[in-house]
Every structure is written in structure tokens, then in C-alpha cells.
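Right, one structure below, let's go through it.
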Protein chains: 2
Amino acid sequence: MAVRLKDIARDLGVSVVTVSKVLRNHSDISDETRDRVLKRMKELNYRPNLAARALVTGRSFSVGLVVPDLVHPFFAEVAKGLSKILRKKGYSLLIASSEEDPELEQQELDMMLARRVDALVVASAQWTVESFRRIEEQKTPYVLIDRQFAGLAANFVGVDDEAVGALATSHLIEQGCSRIAHIRGPELSTGLGRLEGYRRALAKHGLAPLPGYVVMGRSVDNLSDTSGHEAMLRLLELQPRPDGVFCYNDPTAMGAMKAILDGGLRVPEDVAVIGAGNVNYAGLLRVPLSSIDQHSDSIGERAGKLALSLVESKTAVRPRTVLLDPGLVVRASSARA
Amino acid sequence: MAVRLKDIARDLGVSVVTVSKVLRNHSDISDETRDRVLKRMKELNYRPNLAARALVTGRSFSVGLVVPDLVHPFFAEVAKGLSKILRKKGYSLLIASSEEDPELEQQELDMMLARRVDALVVASAQWTVESFRRIEEQKTPYVLIDRQFAGLAANFVGVDDEAVGALATSHLIEQGCSRIAHIRGPELSTGLGRLEGYRRALAKHGLAPLPGYVVMGRSVDNLSDTSGHEAMLRLLELQPRPDGVFCYNDPTAMGAMKAILDGGLRVPEDVAVIGAGNVNYAGLLRVPLSSIDQHSDSIGERAGKLALSLVESKTAVRPRTVLLDPGLVVRASSARA
DNA sequence: TTGAAAGCGGTACCAA
DNA sequence: TTGGTACCGCTTTCAA
């Protein structure tokens with residue numbers, strides 16, 4: 001069915017080895033033979049069987065990406081940035097979604113290891129580091145993105161989450177807010193880091209943390225607009241009421257804004273709002289949303305480059321951490337000054 | 001490095017064949033042997049080398065997906081739906097983005113064919129059907145999604161684009177609009193179908209097409225909010241001014257709404273707006289956007305099921321077309337009644 | 001410059 | 001119930 005090296009060799013009366021060498025641009029082939037082979041390859045529309053090649057070389061020229069949710073704009077952008085880098089180098093991209101389920105993630109990781117991907121890029125939903133030990137056993141290099149793990153010396157690419165929290169909170173303070181609440185994220189490095197940055201910024205500006213001003217939505221990323229809405233309703237009942245809110249991510253902030261506006265209050269005059277992630281439609285909302293840009297596509301690109309460098313260097317190198325500086329994007333939702 | 005069948009066989013003093021049979025649940029193995037083998041497999045954390053298996057069986061248990069833009073919510077949702085189906089059946093998903101570039105798409109398709117994917121799912125940016133002929137030569141089953149090609153008898157899963165256009169336009173008419181404009185999409189089946197549905201609905205309700213009322217943005221999907229904005233500005237200069245606009249997709253509609261609101265007009269009182277695609281943040285916009293739902297995730301699922309059924313059935317079946325009925329989602333941007 | 005032989009890690013077939 | 005042998009399509013090594 002599919003054309004094989006053997007077919008071309010037979011047609012031309014040369015050996016399989018010769019054809020294989022032409023395929024890989026070996027120098028020890030006469031120009032004449034090379035031309036004949038290339039011509040025939042083109043005629044027959046030959047495509048090398050990469051599974052066969054992978055089997056003998058031990059390299060699949062593929063990289064696996066596992067994320068909690070493909071539809072989340074952040075991960076979609078990561079995937080895009082990653083695929084761009086891989087394509088340049090002739091690698092393919094295997095993608096799996098864990099749906100925030102650690103068990104499912106484990107299965108997908110196993111599948112990718114069975115496929116002998118050359119490297120893995122993972123935004124993990126795990127609570128333990130066991131999965132990563134298993135990856136390490138296989139000697140498959142991996143790069144964590146977005147979410148870090150305490151006690152795991154692994155390659156990591158992501159935004160500096162403490163800086164995200166500090167940048168957002170400082171911005172609200174500079175806009176004249178003095179009672180700043182935080183709708184926090186889950187118990188992961190992202191949520192914890194942003195919370196810590198929020199606290200640090202308050203302290204730095206001499207603002208005391210107010211009771212009940214940090215609330216958590218009930219749900220994970222894919223439902224965070226609902227949870228942001230609910231969390232904001234709780235914040236609006238407080239006395240005194242917050243005059244600024246830093247939200248863990250943009251969907252949360254969108255839900256929060258909806259709650260504020262529906263309650264007859266104004267954004268940013270009564271309550272200023274800032275999110276994080278800078279999703280690409282943030283500017284088109286009911287009130288354009290200020291946000292902290294976390295350079296999603298750069299994360300994909302950097303993770304890709306790092307992963308490929310690990311593949312190239314045979315020798316085990318010690319894990320590297322790439323921490324990107326977040327950027328402040330001011331839009332109407334926080335512009336009071 | 002990685003554990004092989006051979007290692008397990010040696011450890012247990014049985015043959016490779018026996019171990020292989022246990023791996024695949026063959027019945028002709030004694031319970032005792034089976035247990036010993038399974039035990040050892042677990043101990044060593046054995047994972048079959050799928051590249052090797054693919055080579056001998058001719059089946060890779062992988063499916064390739066090629067889309068124009070991973071970040072576009074429609075394609076992200078398609079990918080999610082597809083991956084869900086594939087995971088259930090033990091298949092992996094290879095994803096590539098063509099960035100709307102036919103040449104790049106061709107390269108990615110070639111790469112996937114070289115990897116011997118069992119089937120392909122493609123939202124194509126091609127202008128010609130040549131690529132598909134090449135896929136057919138390899139006997140790799142493929143399913144087109146979203147965009148159809150005239151003169152190509154291929155499997156297709158997508159929304160009924162004429163119905164999309166007709167549904168949106170009829171809705172605006174029912175809301176009392178009588179001068180309905182259309183910001184149309186590109187010269188692809190999606191854009192053309194929606195335009196045709198728009199015309200049909202106008203005719204059906206006895207409304208004459210007005211000169212200049214159909215305009216085209218200059219750009220493709222990923223920039224369509226800008227192009228929607230620009231196109232709307234042109235529409236607003238017309239005399240008489242439109243009182244309703246059906247936009248090719250939601251980003252276009254978001255750009256159009258911005259132009260209307262920035263011009264001091266009201267949505268929907270002065271101009272009603274409806275988009276298509278029903279992106280998941282449509283409800284959170286400055287004015288919540290009415291839209292036509294095209295069941296993005298169903299498209300992924302249906303395409304996946306169709307692709308797998310093609311893989312299973314050895315015999316060539318004649319191409320099937322799955323046309324999904326669009327759904328109307330009314331929000332504030334078109335609610336005048 | 002060319003090619004024969006071995007082997008990558010599995011599976012299929014058939015004999016023991 | 002078990003296993004020997006051939007082979008999937010390609011690369012590697014080494015001899016001609």
C-alpha cells in the first residue's frame with residue numbers, strides 16, 4: 001500500500017541502504033545515484049515510515065503536551081506557541097487533556113511514555129510528585145509549565161506568580177483603592193503565589209489585611225466565571241465594602257464584574273477590578289478588563305525550546321526554572337486615576 | 001533503559017510470545033503463567049513500545065487533527081470533543097496548526113501521513129483538493145470539518161451553514177428589523193453558506209436586498225474583531241442605516257458592536273446584532289451577544305466517531321456528511337421585542 | 001561508493 | 001498451552 005524504501009531500491013536496482021542514505025543526505029553517494037533515487041521518491045510520493053525509524057533510532061521526533069483544559073485560552077495559547085517551535089525543528093505534537101483529573105492525567109502520561117515521545121510538557125493537575133518519578137524512571141525529559149511543585153526539582157517555565165499578585169495589587173493601590181479584596185485561586189502554586197503577592201503588596205504599602213477580604217471560588221478554571229460571580233456577591237456584603245478586587249484569573253474577574261454591575265454599582269468608580277491572564281477578548285467586555293499578562297504564548301515557546309534542548313543534550317543537566325515577568329495591562333475596569 | 005517483553009520473558013523463563021499474549025489478553029494462556037507475567041509487568045512498570053507495535057500491526061492508534069488556529073475557541077472545542085472520544089477508545093491525538101497557510105497545512109498533513117496516523121480530521125485552509133487526493137492515495141481515512149469543498153466527495157462533519165445564516169437573519173426580522181446588513185466571511189463554504197442563508201431568509205420574508213448591505217472584512221478569523229469593527233464603520237455610513245446586522249462570527253460581531261457603541265448608538269435599540277459560534281464568553285460582553293450555536297464540541301465528537309468507524313471498517317464506504325442543526329441563542333444584543 | 005547482515009520491540013502463524 | 005521463526009520498515013555497522 002504505502003511506498004517503502006524497498007520498492008524504490010527494487011525499481012532502481014540499488015540496495016535499500018543506498019536509498020536510505022539518500023533519504024538522510026549521506027555524503028557517500030554519487031550524484032548520479034542520488035538524483036535517480038530522489039527522482040523516483042518524488043514520483044512515488046515516498047514518505048518514510050516514522051514509526052519504523054523511531055523504533056531503530058530510539059527517537060520519535062515527537063513531544064507530548066498534557067494540559068488540564070484545551071479550551072482555556074491560556075493553554076490554547078501555550079499549545080500554539082509550543083507547536084510553532086516544534087514544527088520548526090521537525091517535531092510533532094501529541095496533545096492530551098486531563099480535564100483537571102489527576103488519574104486521567106496519569107493515564108495520558110503513560111500513553112505518551114508508551115509512544116516514546118522524546119519529551120513531555122505538562123501543566124499538571126497532580127497533588128503528588130509520583131507521576132514525575134515515573135517519568136524520570138523512563139529518562140524522558142519533561143518540562144512543567146504554569147504549576148510548580150514544592151519539593152520537586154524539575155524544569156519549569158511559567159510566569160512569576162508572586163509578581164502577578166504584587167503587580168495587580170500595587171496597581172489598584174496606585175489607582176486610589178484602599179480596601180482591596182482578593183478572589184483567590186486553588187491550592188496550587190499559581191493560586192498560592194498570587195495570593196502571596198497580594199499580601200506582600202498590601203504590606204509594602206502599609207495596608208492591613210481586612211477580615212473576610214480573601215475569598216475562594218468553589219470551582220476550577222473552566223467554571224471560574226460562575227465562581228467569581230458567587231465570590232463577589234459574598235464580598236459585596238462586607239462592611240466596609242471593598243473598593244478594589246484582584247481576581248485570580250480573567251474568567252473569575254468577568255464573573256465578579258457581572259456581580260458588581262448587576263448590583264447597581266459602577267466599575268471602576270465603586271469597585272475597581274483587575275484579573276490575570278489577559279485573555280484576548282478582555283478588551284471587548286461590558287467594561288474592558290484590566291489584567292496581568294502572563295505571556296502565554298512565550299510560555300509555550302520557552303517550554304518547547306527547553307524541552308528540545310534537553311532532548312539534544314544527552315547528559316543529564318540540572319533542572320532549570322524560567323520565570324517570566326508579568327505585564328500590567330490597564331483597561332477601563334481599573335482606571336480611576 | 002525501557003523495559004521490554006524480552007526482559008520479562010527472560011526473568012520468568014518463558015518465551016517472548018507468551019508474554020506478548022498475556023499483554024494482549026489472549027485466552028490460550030494458563031492462569032498461573034498469566035499471573036506471573038502480569039505481576040512482573042507491574043513490578044517493572046512495563047509499557048509496550050507502541051512504535052514497535054504500530055510497525056508490525058500497521059495501526060498506530062493515533063489520529064491527526066489539523067486546524068487553522070488552535071486558539072480560536074471553535075477549534076479548541078473541536079479538539080476537546082475529539083480528544084474525549086479518542087481517549088475512550090485508546091487512541092492518541094496529534095495536533096497541528098496550519099495558521100491558515102495552505103502550504104504549511106500540506107507539510108503538516110505529510111508529517112502525519114509519515115507517522116501513519118490511522119485517520120485524519122482536517123479543517124482545511126486549502127484552495128484546491130490536491131492535498132486530499134494525496135491522502136486518498138495513502139488510503140488514510142479522513143474527515144473534513146467546518147469547511148467543505150465543492151467537487152470533493154469526502155466525509156464531512158459541520159454545522160449547516162445555510163441554516164446558520166437563515167436562522168440568524170430570520171431572528172432579526174422577527175425582532176422587528178427591516179434593514180438587515182451582513183458582515184460576511186471569507187470565500188469558503190462557511191462564509192458562502194451563511195451568506196446564502198442570509199439571502200434566502202430575506203427573500204422568504206419579502207425583504208429586498210439593499211445595495212451595500214453586504215460587506216466583507218479584510219481578514220481571516222484570528223483578526224476578525226478588527227475587521228468587524230472596520231466593516232461596521234462602513235455600514236454605519238449608509239443611508240438608510242441598517243437596524244440589524246448578522247455577523248459571520250462572534251469576534252466579528254464583537255468588533256461591530258464596539259463600532260456601534262463607540263458611535264453613540266445603542267445595541268439593540270438602534271442596531272441589533274447577532275453573531276455565530278456562540279463563544280463561551282459571549283454572555284459577558286459589554287452587551288451580551290446573541291449568537292448561533294454551532295455545537296463545536298459535538299463536531300469534534302462526531303468527527304471522532306466517524307473517523308474511528310472508518311478505521312474499523314476495512315471496506316471503503318461511501319463518504320458521509322453529518323450536518324448539524326444550528327441553535328439560536330438570544331441575548332441582549334438582539335432582544336428588541 | 002555500495003550493499004549484506006543484524007537488529008530495533010513487538011506480532012502473526014503455525015508447529016510442538 | 002507454549003514457543004520458534006519470520007517479519008514489519010528502517011538504520012547501523014562494517015566489509016567489499
Side-chain angles (χ1 to χ4, degrees), chain A residues 1-38 40-41 44-62 90 111 113-118 138-140, chain B residues 1-38 40-41 44-62 90 111 113-118 138-140:
Chain A
M1 185 139 310
V3 184
R4 299 153 306 170
L5 285 189
K6 193 194 293 186
D7 301 319
I8 295 175
R10 182 178 18 72
D11 290 0
L12 266 47
V14 297
S15 78
V16 173
V17 179
T18 302
V19 183
S20 171
K21 282 177 177 168
V22 172
L23 182 62
R24 286 167 298 134
N25 267 318
H26 262 242
S27 54
D28 57 353
I29 296 288
S30 72
D31 286 351
E32 195 214 322
T33 309
R34 175 185 310 277
D35 290 347
R36 289 176 62 215
V37 170
L38 287 176
R40 192 72 188 137
M41 280 183 172
L44 296 181
N45 199 5
Y46 172 75
R47 287 189 199 84
N49 183 325
L50 296 184
R53 178 181 288 175
L55 182 56
V56 45
T57 61
R59 303 253 273 113
S60 64
F61 280 87
S62 66
M111 174 67 102
L113 290 175
R115 292 196 183 277
R116 301 300 190 266
V117 293
D118 292 335
Q138 290 269 331
K139 311 275 188 221
T140 302
Chain B
M1 184 138 310
V3 184
R4 300 153 305 172
L5 284 190
K6 195 193 291 185
D7 301 318
I8 295 175
R10 181 176 22 72
D11 289 1
L12 267 44
V14 297
S15 78
V16 172
V17 176
T18 302
V19 182
S20 172
K21 282 177 176 168
V22 172
L23 182 61
R24 286 168 297 137
N25 266 318
H26 264 240
S27 55
D28 58 353
I29 296 288
S30 72
D31 287 352
E32 194 214 323
T33 308
R34 175 185 310 277
D35 290 347
R36 288 176 61 217
V37 171
L38 288 176
R40 192 72 187 137
M41 280 183 172
L44 296 182
N45 200 5
Y46 172 73
R47 289 189 197 84
N49 183 325
L50 296 183
R53 178 181 287 173
L55 181 57
V56 48
T57 61
R59 304 253 273 112
S60 65
F61 279 88
S62 67
M111 175 67 103
L113 290 175
R115 291 194 183 278
R116 301 298 190 267
V117 294
D118 292 335
Q138 291 268 328
K139 311 276 188 221
T140 302

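Letters A, B, ... are given to chains in the order of the sequence lines, protein chains preceding strands, and every chain is numbered from 1.
Qualifying side chain to side chain contact (heavy atoms under 4.5 Å, CB included) partners for A:Leu38, counting only residues two or more places apart in sequence or in other chains: A:Val22, A:Arg34, A:Met41. Partners of A:Phe61 by ring-ring contact (aromatic ring centres under 6.0 Å, His included), not counting sequence neighbours, listed by chain and number: A:Tyr91.
Nearest heavy-atom pair, B:Ser60 versus B:Arg116, reported as atom, atom and distance to 0.1 Å: OG-O, 2.9 Å. Scanning all heavy atoms of the two residues, the minimum distance from A:Val16 to A:Lys6 falls at CG2-CA, 4.1 Å.
Side-chain contact between A:Arg40 and A:Val19 is absent, with no heavy atoms from C-beta onward closer than 4.5 Å. Residues B:Arg115 and B:Ser62 have side chains not in contact (no heavy-atom distance under 4.5 Å, counting atoms from C-beta outward). Side-chain atoms of B:Asn49 and B:Arg4, non-hydrogen and from C-beta on, never get closer than 4.5 Å to each other. Residues B:Arg10 and B:Asp7 meet the side-chain proximity criterion, which asks for heavy atoms closer than 4.5 Å. Looking at heavy atoms from C-beta onward, B:Asp11 lies in side-chain contact with B:Leu44 at the 4.5 angstrom threshold.
Distance from the side chain of B:Arg24 is smallest for C:dA12 among the nucleotides C:dA12, C:dG3, C:dC14. Of the candidates C:dT11, C:dG3, C:dC14, the closest approach to any side-chain atom of B:Lys21 belongs to C:dC14.
Remark: nothing in residues 25-36 of chain A comes within less than 4.0 Å of DNA chain D through any heavy atom. Of the residues in residues 4-12 of chain B, those with a non-hydrogen atom less than 4.0 angstrom from any atom of DNA chain C are B:Arg4, B:Leu5, B:Lys6.
Position along DNA chain D of the nearest nucleotide to B:Ala52 versus A:Thr57 favours B:Ala52 as the more 5'-ward residue. Between B:Thr18 and B:Arg116, the residue anchored closer to the 5' end of DNA chain D is B:Thr18, taking for each the nucleotide with the nearest heavy atom.
Residue B:Tyr46 places at least one side-chain N or O closer than 4.0 Å to OP1 or OP2 of C:dG10.
First and last contacting nucleotides of DNA chain D toward chain B (any atom under 4.0 angstrom from a heavy atom, 5' to 3' order): D:dT1 to D:dG9.
Contacts classified as salt bridge (charged side-chain N to carboxylate O under 4.0 Å, His left out) and involving residues 24-33 of chain B (residues at least two apart or in different chains) are given here: B:Lys21-B:Asp28.
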Task: Worked verdict on B:Ile8 versus B:Val3 for side-chain contact (heavy atoms from CB on, under 4.5 Å) - done: CA-CA 8 Å; B:Ile8 295 175; B:Val3 184; 4.3 Å; yes

